[in-house]
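Whatever order the structure lists them in is the order used to number ligands and atoms, beginning at 1. Hydrogens, waters and symmetry mates are skipped; everything else that's a heavy atom, side chains included, is used.
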Amino acid sequence: MKPNRTQKLWMYEQMHTSRYFEECIEKIYMEGKSPAFNMANGPIPGEMHLSNGQEPCAVGVCAHLEAGDVVTSTHRPHHVAIAKGVDLDGMTAEIFGKKTGLSGGRGGHMHIFDADVNFSCSGIIAEGMGPAVGAALSRQLQKKAGVAVAFLGEGAANQGAFHESLNLAAVWKLPVIFVIEDNAWGISVAKSTSTAIEHNDARAAAYGIPGHYIPGNDPLAIFEVAGEAIDRARRGEGPSLIEIETYRLAGHFMGDAEGYRPDGEKEALFARDPIPKMRQHLIDTESWTEEQDQELVQRSHERVDLAIQFARDSEYPAPEEAMEKVFA
Ligand SMILES: Cc1ncc(C[n+]2csc(CCOP(=O)(O)OP(=O)(O)O)c2C)c(N)n1
């Protein structure tokens, strides 16, 4: 099923929102971190993993999801959270460690939880797969509508949790979709040195479930394949595995010198930036005008600017609250 105009514009706007959000976070993250780079300093403490370049994976999949569907994401979660409809003010405040954050400022950027739209993520790689399988099982047992989607990186596909989750989901025919964002690098480790096969969709056969590989970091192709897999899960026909070729335009984390990248890789990736490509597609197929484009971009930027202002203006939690809401 191909996306209609409304769905294309929704995907394009979420991609812009996510990209601009990360451009702002990138700048703010560096505040207070010089002359000596200390992760603890500045308005955004801790590690920061940007997802710019990977927006197509998030929008192509989440375009098919409702608030009641479950999504688990990774340590690189912003694009997926935005596409799933996570509260942007609460997410931004969480990244800033503020009291108004979705987890009261305790989780930071790798631990965004929004129960209203059933979104969670984790700094432990492949960790979201078990909870996604559990959410799918609860929907099956309670005969409730809804699917679960677990996003993971290609590095995480070599974790034990990956294989255990696929097996259980396949045996019990659970309504869950596993989406691997293959950005070619697990920190500085190339996929070719960590994984014996070229594409992880081949692993689906070992569990008797459909596997799909989507080249080109193309939101339209992702929309089509994800739509089929999600419909299949909604019909009660069980899980699917999708691997998407995508690109991380930034380092693994902020502060990464990226010395492992071959010469010219970064330039080549920027030349294939999916956002201008989507814009050109809209011009070619949807009579998209410059004026409409500016309006959409401005709207997405205003939304982000407001969320950042909200986060900056919010209070930090009081030190005496540190032991509240934690297991002690
Ligand atoms: C269980 C576990 N082992 C190791 C790490 C350290 N670690 C953080 S990110 C990462 C690489 C992840 O690569 P990938 O899954 O491809 O995701 P990407 O960073 O490319 O988005 C590793 C090994 C971790 N967070 N969790």
**Q.** Subset of ligand 1 atoms that lie under 4.0 Å from at least one heavy atom of H252
**A.** 9 (S), 19 (O)

Q. Is the closest heavy-atom distance from T74 to ligand 1 below 4.0 Å?
A. no

Q. What part of H49, side chain, backbone, both or neither, has a heavy atom within less than 4.0 angstrom of ligand 1?
A. neither

Q: Determine whether the side chains of E265 and W185 contain a donor N or O and an acceptor N or O closer than 3.5 Å.
A: yes

Q: Pull out every atom of ligand 1 sitting under 4.0 Å from any heavy atom of G155, numbered as shown with elements.
A: 14 (P), 15 (O), 16 (O)

Q. Taking side chain as C-beta onward, heavy atoms only, is M30 less than 4.5 Å from F37?
A. yes

Q. What is the distance from atom OG of S240 to atom CG of L166, rounded to the nearest 0.5 Å?
A. 10.0 Å

Q. Which ligand 1 atoms, with their elements, are less than 4.0 angstrom from a heavy-atom of Q159?
A. 1 (C)

Q | Side chains of H111 and F113 in contact at under 4.5 Å (non-hydrogen atoms) | A | yes

Q. Numbering the atoms of ligand 1 from 1, which are under 4.0 Å from a heavy atom of A156?
A. 15 (O)

Q. Among N217, T246, N183, which one satisfies side-chain hydrogen bond (donor to acceptor under 3.5 Å, both in side chains) with Q54?
A. N183

Q.
Just to confirm my output: which protein heavy-atom neighbour is closest to atom 17 (O) of ligand 1, and how far is it?
A. H75 CE1, 3.5 Å

Q | Atoms of ligand 1 close to R76 [distance to a heavy atom under 4.0 angstrom, numbered from 1] | A | 18 (P), 19 (O), 21 (O)

Q: Taking the side chain as every heavy atom from C-beta outward, state whether P56 and M15 have any atom pair closer than 4.5 Å.
A: yes

Q: Within a distance under 4.0 Å of any heavy atom of N183, pick out the atoms of ligand 1 and give their elements.
A: 18 (P), 20 (O), 21 (O)

Q: Supply the atom-to-atom distance N4 CG to K8 NZ, rounded to the nearest 0.5 angstrom.
A: 8.5 Å

Q.
Among E245, E243, E181, which residue satisfies the salt bridge (charged side-chain N to carboxylate O under 4.0 Å, His left out) criterion with K191?
A. E243

(Q) What protein heavy atom lies closest to atom 22 (C) of ligand 1? Include the residue and the distance to one decimal. (A) I187 CD1, 3.7 Å

Q: Answer yes or no: does atom CD of E315 have more than 12 heavy-atom neighbours from other residues, nucleotides or ligands under 6.0 Å?
A: no

**Q.** Which residues share a ring-ring contact (aromatic ring centres under 6.0 Å, His included) with F96, sequence neighbours left out
**A.** none

Q: Could you tell me whether atom 1 (C) of ligand 1 has a protein heavy atom closer than 4.0 Å?
A: yes

Q. Quick one: nearest non-hydrogen protein atom to atom 13 (O) of ligand 1, plus distance?
A. G186 CA, 3.5 Å

**Q.** Numbered atoms and elements of ligand 1 in range of E154, under 4.0 angstrom, heavy atoms
**A.** 16 (O)

Q. Hey, which atoms in ligand 1 end up nearer than 4.0 Å to a heavy atom of I124?
A. 1 (C), 26 (N)

Q. Could a heavy atom of Q54 be found less than 4.0 Å from some atom of ligand 1?
A. no

Q | Which residue and heavy atom of the protein sit nearest atom 25 (N) of ligand 1, plus the separation | A | G123 O, 2.8 Å

